[in-house]
Every structure is written in C-alpha cells, then in structure tokens.
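Chain letters run A, B, ... following the sequence lines, proteins first and then strands; every chain starts at 1.
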There are 2 protein chains.
Amino acid sequence: MPDPDRARLYEELALESRRYLAAYVLFNQAVADHLGLHPTDVQALSLLTAEPEPLTVRQIADRTGLTTGSATRLVDRLERGGYVARTPDRQDRRRVLVTPVPERTARVTALWDDLGRTWQTLLDDHSEDELRAITRHMRRAHDLSHTQIERLRTMPEPD
Amino acid sequence: MPDPDRARLYEELALESRRYLAAYVLFNQAVADHLGLHPTDVQALSLLTAEPEPLTVRQIADRTGLTTGSATRLVDRLERGGYVARTPDRQDRRRVLVTPVPERTARVTALWDDLGRTWQTLLDDHSEDELRAITRHMRRAHDLSHTQIERLRTMPEPD
DNA sequence: ACGCATTTGCTGCGTCGCGCAGCAGAATAG
DNA sequence: CTATTCTGCTGCGCGACGCAGCAAATGCGT
C-alpha cells in the first residue's frame with residue numbers, strides 16, 4: 001500500500017542523510033587538518049577517548065577497518081605525536097594496550113567540546129521525544145550497517 | 001537552568017552520532033571494496049548520481065574536499081572504469097562537465113537501492129513527525145558543519 | 001606432557017591516492 | 001588590448017595502506 005506522503009518523507013530523509021554524511025567527511029577532514037593529523041588518526045582518537053578502557057591494536061584495526069599492520073603504523077604515528085602510550089597486557093602478553101595521554105589529547109577533546117557546544121544549540125528546540133527518536137534511529141542504523149557490511153562481504157563479486 | 005534529563009539525552013545522542021558516523025565510514029569502505037573502487041570514488045559517484053545536472057571538476061573537488069588536481073585524477077579513474085564521461089561545456093570552454101554513464105552506474109545505484117530497501121524498514125515504525133524531526137536535525141547539522149569548517153580554517157593553529 | 005593450530009603485533013615491500021607547484025587556455029575586469 | 005582570475009591538467013614527492021611473512025604467546029588437541 002503506497003503512501004505518497006510517507007514515501008516523500010523517506011526520499012527526503014535519504015537525501016539529507018547523504019548530505020549529512022558527506023558533510024561529516026569534510027568536517028572530520030577539517031578537524032584533522034586543523035590538528036595536523038590524518039582523518040584516520042582523528043577517528044582512532046575518537047574511538048580511544050570514547051571508550052573507558054584502553055583498546056588493543058587489534059581492536060583499533062577492527063573498528064577502523066584497516067589491517068593490523070596499518071593499525072600498528074597508526075599507533076606509531078599517534079605515539080610519536082605523544083597522543084597515546086603503549087602498555088603491555090599482563091593477562092595476554094601478545095597484546096599491546098593503547099592508552100590515550102590526557103595532557104596531549106586534551107587539546108583534541110577541547111576542540112570537540114567547543115564545536116559540540118555550538119552543535120548542541122541545534123538540539124535545544126527539539127522536544128525530548130524527538131531527541132529520543134533521532135537517537136533511536138541512529139542506533140538502529142548503526143546496528144544495521146554492521147549486518148549490511150557482512151552481507152556485502154558474502155555477496156557475489158560484481159566484477 | 002540545567003535539566004539533567006535533557007542533558008542525558010544530549011549525551012546519548014552525541015555518543016550514538018559518533019557510532020553512527022563511524023559505522024558509515026566502515027559501510028562506505030565495504031561498498032567500495034565490493035565494487036572494486038576507492039571510498040572517495042564511491043563518494044563522488046554518490047554526488048554525481050544524486051545531482052540531476054552534471055557537475056564540473058571544480059564542483060567535485062569542492063564537494064569532496066580535495067584539490068582540482070586530485071579531482072582530475074579521480075575523474076580519470078571513473079572515466080577509465082566507464083562510470084562517467086567528460087563533456088565540454090559550450091557556455092564556458094574552460095569547464096568540463098562530468099556526466100555519469102547510466103549503464104555502468106546502474107550497478108552502483110542498484111546496490112544502493114538494495115541496501116536502502118532494508119534500511120527503509122527501520123523507518124517504518126517511526127511516525128511522520130519523528131521522520132520530519134530526524135530529517136530536520138540532519139539538514140541543520142549539515143548546514144552547521146559548513147560554518148564549523150569555516151571556523152576551523154580561521155581558528156589559530158594549535159601547533 | 002607435548003605438538004599443532006590460532007592469534008597478536010610488528011616489519012619490508014610495492015602500490016597508489018593525494019597535495020603541491022606550475023602550466024596553457026579561456027573568461028572577465030579595467 | 002593588457003592584466004587578472006579561473007578552469008582543468010600534469011610532473012613530482014610524500015606517505016598511508018594492503019599484503020605477505022615473521023616471532024612470540026596463547027589455546028586446543030590427543
């Protein structure tokens with residue numbers, strides 16, 4: 001049963017999502033340029049500072065989508081810049097725990113907080129129900145994307 | 001006046017946004033891998049197929065965030081792959097119009113449509129008001145990001 | 001207890017996307 | 001008609017990344 005009104009809303013949302021995501025890529029690039037880092041490094045710092053516990057190199061590789069070798073190089077860069085420190089894991093001596101250095105990462109999080117404050121003004125004229133709806137949509141889209149990625153990997157190659 | 005309930009919603013939304021955006025990067029990477037392209041090329045194809053009129057190399061450069069030289073190389077790759085065609089602009093003979101080739105880009109859009117269909121099921125149990133709220137939030141975030149990028153450019157270098 | 005497979009992180013090596021600087025041609029200002 | 005600006009293209013070098021292979025550590029098997 002086609003509902004033209006709803007269909008139009010879907011279309012609009014799809015279009016705005018694409019613009020929103022494209023804008024994020026440019027934004028992340030601008031943040032990286034500002035800090036003198038690479039977009040991937042900023043992404044990794046975002047992951048590290050968001051998580052309460054330190055991540056291993058393997059976890060960083062999985063969450064950024066690159067190989068363990070490239071993740072090692074990434075941690076090398078961050079360590080050289082003083083953003084993170086390597087710590088051996090006593091439970092599993094193969095693993096290396098990557099912990100952010102607060103003094104150095106403070107600059108990055110301060111920048112995010114500053115930008116985030118302006119960004120929060122957008123939320124001020126949304127009702128609480130609307131905020132919950134937005135949050136819910138993003139969480140579910142996030143979950144779905146993982147299964148979609150898995151689907152893509154098992155799909156036949158078009159080439 | 002601090003509203004702890006609202007503050008908590010803001011916090012949740014900020015967290016989910018980061019996860020959502022991180023997931024998109026991985027998703028875009030997976031699509032690129034599946035098609036045998038680079039993430040930037042997929043992003044450019046997304047821009048080209050979304051717009052009703054062809055884009056110039058300069059416009060592609062601006063919207064992807066790379067230089068005109070790199071944009072030229074990007075169009076080279078897409079042209080070599082048969083995804084786009086170059087057409088001279090008669091009004092301004094400096095410009096080169098980049099038009100997508102339907103037969104070739106159909107594979108890409110078909111993949112997006114397929115993935116989008118599953119994605120739409122997420123929207124089915126949102127009310128129309130909620131959909132409008134989500135769309136509005138994304139549009140405003142998109143607009144704000146541009147001014148934020150401009151701010152970052154004019155901000156003093158932390159290095 | 002002892003192999004055997006798996007996992008983790010690191011390292012040469014080659015590829016290639018990208019920014020930078022400079023270029024000619026076209027359009028516009030003055 | 002000259003000067004400036006804008007377009008897109010091209011060498012050049014850098015460096016992030018994937019790949020393959022490595023040793024060390026862990027877990028599983030009998």
Side-chain angles (χ1 to χ4, degrees), chain A residues 25-26 28-45 48 53-81 83-99 153 157 159, chain B residues 25-26 28-45 48 53-81 83-99 153 157 159:
Chain A
V25 175
L26 293 180
N28 197 53
Q29 179 77 48
V31 172
D33 289 344
H34 183 75
L35 294 170
L37 295 172
H38 298 271
T40 319
D41 300 22
V42 176
Q43 181 79 11
L45 280 178
L48 285 169
E53 306 165 8
L55 296 176
T56 67
V57 176
R58 159 62 68 181
Q59 287 174 319
I60 293 174
D62 288 338
R63 305 198 188 191
T64 52
L66 28 76
T67 62
T68 60
S70 300
T72 296
R73 299 332 220 299
L74 187 148
V75 176
D76 286 345
R77 290 195 299 272
L78 292 178
E79 191 180 33
R80 185 149 28 91
Y83 292 99
V84 301
R86 281 189 227 249
T87 313
D89 187 351
R90 300 185 204 289
Q91 275 74 29
D92 189 338
R93 284 187 302 180
R94 292 172 302 180
R95 284 202 261 262
V96 173
L97 298 177
V98 181
T99 57
R153 295 222 175 99
E157 295 288 332
D159 210 0
Chain B
V25 175
L26 293 180
N28 198 54
Q29 178 78 48
V31 172
D33 289 343
H34 183 75
L35 294 170
L37 295 172
H38 297 272
T40 319
D41 301 23
V42 176
Q43 180 79 12
L45 279 178
L48 285 169
E53 306 165 7
L55 296 177
T56 66
V57 176
R58 160 62 68 181
Q59 287 174 320
I60 293 175
D62 288 339
R63 304 197 189 193
T64 52
L66 27 77
T67 62
T68 60
S70 300
T72 296
R73 300 326 219 304
L74 186 148
V75 176
D76 287 345
R77 290 196 301 271
L78 291 178
E79 191 181 34
R80 185 150 28 90
Y83 291 99
V84 300
R86 281 188 228 249
T87 312
D89 187 351
R90 301 186 203 289
Q91 275 73 29
D92 189 337
R93 284 188 300 181
R94 292 172 303 180
R95 284 201 261 261
V96 173
L97 299 177
V98 181
T99 58
R153 294 223 174 98
E157 294 289 333
D159 208 3

How many Å lie between CZ on B:R86 and P on D:dT7, as a whole number?
16 Å

Taking CZ from B:R95 and P from D:dT5, how many angstroms apart are they, rounded to a whole number?
18 Å

Whichever of A:G69 and B:T68 has the more 5' nearest nucleotide on DNA chain D, that residue is B:T68

Which atom pairs link the protein and nucleotides 24-29 of chain D when you take only N or O atoms and keep those under 3.5 Å?
{"from": "D:dT26", "atom 1": "OP1", "to": "A:R93", "atom 2": "N", "distance (Å)": "3.4"}

Length of the line joining A:D62:CG and D:dG18:P, which is rounded to integer Å:
12 Å

OP1 or OP2 of C:dC18 under 4.0 Å from side-chain N/O of B:S70:
no

Euclidean distance, atom CG of residue A:L74 to atom C1' of D:dG18 [Å, nearest integer]:
14 Å

Of B:A71 and A:G65, the one whose nearest nucleotide on DNA chain D sits closer to the 5' end is B:A71

Out of C:dG9, C:dC10, C:dG19, which has the shortest distance to the side chain of B:T67?
C:dG19

Between P of C:dG17 and CD of B:Q43, the distance in whole Å
16 Å

Listed nucleotide nearest any side-chain atom of A:V96, set D:dC17, C:dT8, C:dC10:
C:dC10

For atom CD of A:Q59 and atom P of C:dT8, their distance in whole Å:
9 Å

Nearest-angstrom distance from the residue atom CG of A:D33 to P of C:dC18:
13 Å

State, to the nearest 10°, the angle formed by the axis through the first five base pairs of the helix from C:dA1-D:dT30 to C:dG30-D:dC1 and the axis through its last five.
30°

Which of C:dC18, D:dG15, D:dT7 is nearest the side chain of B:L66? It is C:dC18

Taking only residues two or more places apart in sequence, or in another chain, which ones meet A:T40 in a side-chain hydrogen bond (donor to acceptor under 3.5 Å, both in side chains)?
none

Quick check against the 3.5 Å criterion: does B:T68 have a side-chain atom that pairs as donor or acceptor with the backbone of B:R58?
no

Comparing nearest nucleotides in DNA chain C, the 5'-proximal residue of the pair A:V57, B:R77 is A:V57

Which of C:dT8, D:dG8, D:dT10 is nearest the side chain of B:R58? It is D:dG8

Are any of A:T56's side-chain N or O atoms less than 4.0 Å away from OP1 or OP2 of C:dG9?
yes

Rounding to an integer number of Å, can you tell me how far A:R73 CZ sits from D:dC14 C1'?
15 Å

